[in-house]
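So the structure is just underneath, and the comments pick up after that.
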Amino acid sequence: MPMAPRVLLFCLLGLAVTEGHGLEAAVPIPGCHLHPFNVTVRSDRHGTCQGSHVAQACVGHCESSAFPSRYSVLVASGYRHNITSVSQCCTISSLKKVRVWLHCVGNQRGELEIFTARACQCDMCRLSRY
């Protein structure tokens, strides 16, 4: 192979590898992480007292999979449970209380405690009713 086409081939390969790394950087990092969000608290529907605070939520994604069930599972389920799935959800693993200062009508002040996430983890998915 003459020298010029060989150099061109290496340059094109280098460009392809460089472009590939740029695409990987755009993919979000897997996992479950703390994420800040603004909370506005009001004492009533009229907003007699209100205050704001930056609280933490758990945001992200965790692993899940589905696969054909084992023979013992098929037999035990009367051949109805032919796919087994395993999944985890991004959940709050610990909470903490934070104080929100409220500004009220007539220059009055108040306070209220709310919960915010302290830590997050991938854990068993549950039906949550708050």
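Keep in mind that the numbers below use all heavy atoms, side chains included, and drop hydrogens, waters and symmetry copies.
Residues passing the side chain to side chain contact (heavy atoms under 4.5 Å, CB included) test with A76, sequence neighbours excluded: none.
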Mind listing the side-chain donor-acceptor pairs of residues 34-46 below 3.5 Å, one per line with the distance, residues two or more places apart or on another chain?
residue, atom, partner, partner atom, Å
R42, NE, Q50, OE1, 3.2
S43, OG, C49, N, 3.0
S43, OG, C49, O, 3.4
D44, OD1, H46, N, 3.0
D44, OD1, G47, N, 2.9
D44, OD1, T48, N, 3.0
D44, OD1, T48, OG1, 3.1
D44, OD2, T48, OG1, 2.6

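For residues 84-95, every residue pair satisfying the side chain to side chain donor-acceptor pair (under 3.5 Å) rule, not counting sequence neighbours, is listed here: S69-T84. The side chain to side chain donor-acceptor pair (under 3.5 Å) contacts involving residues 95-114 comprise R99-E111, where partners must be two or more places apart or lie in separate chains.
Hydrophobic clustering, with ILVMFWY side chains joined whenever heavy atoms are under 4.5 angstrom apart, keeps V100 apart from F115.
Under the 4.5 angstrom side-chain criterion for Ile, Leu, Val, Met, Phe, Trp and Tyr, the cluster partners of Y79 are Y71, L74, V75. With side-chain heavy atoms closer than 4.5 Å counting as contact, directly or through intermediates, V59 stands alone and belongs to no larger hydrophobic cluster.
Between C104 and G110, the shortest heavy-atom contact is SG-N, 4.2 Å.
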Evaluate C62 against C90 for side-chain contact (heavy atoms from CB on, under 4.5 Å), listing each step before the verdict. CA-CA 6 Å; C62 305; C90 183; 4.1 Å; yes
